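Notes to accompany the following structure.
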Amino acid sequence: MKVLIAGGTGQIGRLLISRMLEEGHTVWVLSRNPQKANLPHGVRVVGWDGRSPVGWQNVLEQVDAVINLTGENLGAARWSAQRKALLRSSRLEPAKAITDAIAASTHRPTLLLQSSAVGFYGISPNQEVDENSPAGSDYLSQLVVDWENASQPIEELGVRRVIVRQGIVLDDREGALPRMLLPFRLFAGGPVGSGKQWISWISRKDIAGAIFFLLNSSTANGVYNLTSPQPLTNADFGKTIAKVLRRPYWMPVPAFVLRILFGEMAIVVLEGQRALPRRLIESGFRFQYADLKSALVELFSH
């Protein structure tokens with residue numbers, strides 16, 4: 001298979017690229033800084049501005065599928081007006097550019113796999129949500145809705161579209177987990193806020209495996225939640241980390257402290273979704289690490 005990846009230098013992109021190269025596939029990556037991409041040997045890096053097809057339209061003519069993983073990290077900084085504008089533009093502009101490029105192609109890919117997030121469902125204190133659940137009404141939900149809608153026009157061009165709503169990806173080197181682990185490594189771990197908010201997570205091997213599975217399925221279409229079938233509350237998540245690391249679980253972090261430190265962005269850690277991957281399971285995918293303990297043990301074994 002020949003695949004073009006936008007956002008391939010990020011956490012999920014690197015995991016997926018390693019898997020694809022192992023399987024002998026040809027991979028192109030769109031990057032704003034090709035000279036600094038630092039990707040494995042064999043990956044073909046192509047420059048782009050993230051807003052238009054200029055400079056890479058010819059590559060699109062050669063590929064079977066496009067994967068769009070672009071988007072600034074939601075939890076990297078406070079949500080100022082400027083930051084919110086960046087969160088939005090970093091998602092909508094690349095999606096539109098890819099859509100425009102596909103529309104202008106004489107040889108179109110058969111599939112667009114579009115990254116998304118379980119933040120689509122909004123704040124769900126306890127109820128389970130799956131791919132049939134409606135969107136929430138908060139800022140993050142509406143951002144995700146617009147993000148998904150930005151690439152919707154390609155379906156009218158006869159290109160199959162798969163949307164993957166991701167939970168927190170467990171990786172000990174980047175993403176949310178290293179920040180979650182730090183208090184425990186310092187013997188100061190404990191519940192965050194109420195501890196009752198749900199965390200929908202997925203192991204690094206399972207997210208790469210799930211995307212690869214969907215890429216290779218000729219019937220995959222529409223929305224799939226990429227989360228473990230066993231979401232946990234923040235408290236249970238923390239207790240599992242403490243047990244695996246053999247650290248105490250005792251020091252709570254009050255919600256008001258996080259709101260002071262991070263402002264509106266604190267919603268990312270103080271609220272959550274109890275998302276289930278029903279369509280992924282029904283399609284035949286099998287998780288390697290469905291429970292948190294086994295996923296953490298696998299990470300720390302390296």
Side-chain angles (χ1 to χ4, degrees), residues 10-15 71-79 83 87 115 117-119 121 123-126 140 165-208 225-277 287-302:
Q11 176 193 22
I12 297 171
R14 290 179 181 277
L15 293 170
E72 281 286 322
N73 188 332
L74 288 166
R78 289 176 69 99
W79 288 353
R83 181 66 183 172
L87 293 175
S115 178
V118 293
Y121 304 108
I123 298 167
S124 53
N126 198 44
L140 185 54
R165 292 178 184 154
Q166 302 158 7
I168 291 175
V169 180
L170 301 188
D171 191 316
D172 57 341
R173 292 165 295 184
E174 55 184 310
L177 187 61
R179 284 176 286 178
M180 299 171 75
L181 292 175
L182 182 59
F184 292 92
R185 295 192 189 280
L186 297 175
F187 295 84
V192 176
S194 69
K196 297 178 180 179
Q197 67 273 32
W198 286 89
I199 297 177
S200 295
W201 61 276
I202 186 168
S203 75
R204 63 181 181 180
K205 289 197 173 181
D206 279 330
I207 195 163
N225 287 340
L226 265 54
T227 60
S228 162
Q230 298 181 29
L232 294 173
T233 63
N234 174 272
D236 288 337
F237 197 96
K239 289 174 183 176
T240 304
I241 290 176
K243 184 177 295 186
V244 173
L245 290 181
R246 298 180 181 179
R247 297 291 193 273
Y249 177 84
W250 65 283
M251 183 175 288
V253 180
F256 78 88
V257 172
L258 293 176
R259 291 193 178 99
I260 291 172
L261 290 174
F262 304 117
E264 186 181 0
M265 190 268 285
I267 191 175
V268 173
V269 292
L270 293 176
E271 307 291 351
Q273 304 80 26
R274 190 179 183 181
L276 299 178
F287 286 84
Q288 286 186 268
Y289 303 98
D291 66 284
L292 181 61
K293 182 179 179 181
S294 68
L296 292 176
V297 169
E298 186 277 327
L299 272 181
F300 301 148
S301 67
H302 297 286

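Numbers here simply count residues along the sequence, with the first being 1. For clarity, every value in this text was computed on a predicted model and none was experimentally measured.
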Checklist entry - Which value, rounded to the nearest 0.5 Å, describes the distance between Leu226 atom CG and Ile207 atom CD1? => result 5.0 Å
Checklist entry - Taking only residues two or more places apart in sequence, or in another chain, which ones meet Tyr249 in a ring-ring contact (aromatic ring centres under 6.0 Å, His included)? => result none
Checklist entry - Considering residues at least two apart in sequence or located in another chain, which fulfil the side-chain hydrogen bond (donor to acceptor under 3.5 Å, both in side chains) criterion with Ser228? => result none
Checklist entry - Under 3.5 Å, is there a donor-acceptor pair between the side chain of Ser200 and the main chain of Ala275? => result yes
Checklist outcome for this item: Taken in chain and number order and not counting sequence neighbours, the residues that satisfy side chain to side chain contact (heavy atoms under 4.5 Å, CB included) with Pro178 are none
Checklist entry - Can you list the residues that meet the salt bridge (charged side-chain N to carboxylate O under 4.0 Å, His left out) rule with Lys205, with sequence neighbours excluded? => result Glu298
Next on the checklist: Counting C-beta onward and ignoring hydrogens, is there a side-chain heavy-atom pair between Gln197 and Val192 closer than 4.5 Å?
Outcome noted: yes
Next on the checklist: Run the side chain to side chain contact (heavy atoms under 4.5 Å, CB included) test against Val268 and tell me which residues pass, sequence neighbours left out.
Outcome noted: Trp79, Met265
Item to check | Trace of the side-chain contact (heavy atoms from CB on, under 4.5 Å) decision for Leu276 with Thr227 | outcome: CA-CA 6 Å; Leu276 299 178; Thr227 60; 5.6 Å; no
Checklist entry - Can you tell if the side chain of Leu296 reaches within under 4.5 Å of the side chain of Leu177, non-hydrogen atoms only? => result yes
Checklist entry - How would you list, by chain and number, every residue that makes a side chain to side chain contact (heavy atoms under 4.5 Å, CB included) with Asp236, sequence neighbours excluded? => result Leu232, Thr233, Lys239
Item to check | Pro248 to Phe187 - nearest heavy-atom pair and separation | outcome: CD-CD2, 3.6 Å
Item to check | Separation between CG of Leu261 and CZ of Phe256, rounded to the nearest 0.5 Å | outcome: 10.0 Å
Checklist outcome for this item: Hits for side-chain hydrogen bond (donor to acceptor under 3.5 Å, both in side chains) against Ser115, two or more places apart or cross-chain, chain-then-number order -> Gln166
Next on the checklist: Ignoring hydrogens, what is the shortest heavy-atom contact between Val244 and Phe300? Give both atom names and the distance.
Outcome noted: CG1-CD1, 3.6 Å
Item to check | For Thr240, all residues meeting side-chain hydrogen bond (donor to acceptor under 3.5 Å, both in side chains), sequence neighbours excluded | outcome: none
Checklist entry - Can any side-chain N or O of Asp206 pair as donor or acceptor with the backbone N or O of Phe287 at less than 3.5 Å? => result no
Next on the checklist: Run Tyr121 and Asn225 through side-chain contact (heavy atoms from CB on, under 4.5 Å) and show every step you take.
Outcome noted: CA-CA 11 Å; Tyr121 304 108; Asn225 287 340; 2.7 Å; yes
Item to check | CD1 on Ile199 to CD1 on Ile168, rounded to 0.5 Å | outcome: 5.5 Å
Next on the checklist: Under the salt bridge (charged side-chain N to carboxylate O under 4.0 Å, His left out) definition, can you give me all pairs with a residue in residues 242-271, not counting sequence neighbours?
Outcome noted: Lys84-Glu264
Checklist entry - Of the non-hydrogen atoms in Trp201 and Ala295, which two are nearest, and what is the gap between them? => result CZ3-CB, 3.8 Å
Item to check | Pairs where residues 171-183 contributes a residue and the test salt bridge (charged side-chain N to carboxylate O under 4.0 Å, His left out) is met, not counting sequence neighbours | outcome: Asp171-Arg173, Asp172-Arg204
Checklist entry - Between CG of Leu292 and CD1 of Ile241, what distance do you get to the nearest 0.5 Å? => result 6.5 Å
Item to check | Sequence neighbours excluded - salt bridge (charged side-chain N to carboxylate O under 4.0 Å, His left out) pairs with any residue from residues 180-202 | outcome: none
Next on the checklist: Which residues pass the side-chain hydrogen bond (donor to acceptor under 3.5 Å, both in side chains) test with Trp198, not counting sequence neighbours?
Outcome noted: Asn126
Item to check | Rounded distance [0.5 Å steps], CG in Leu181 versus CG in Leu170 | outcome: 9.0 Å
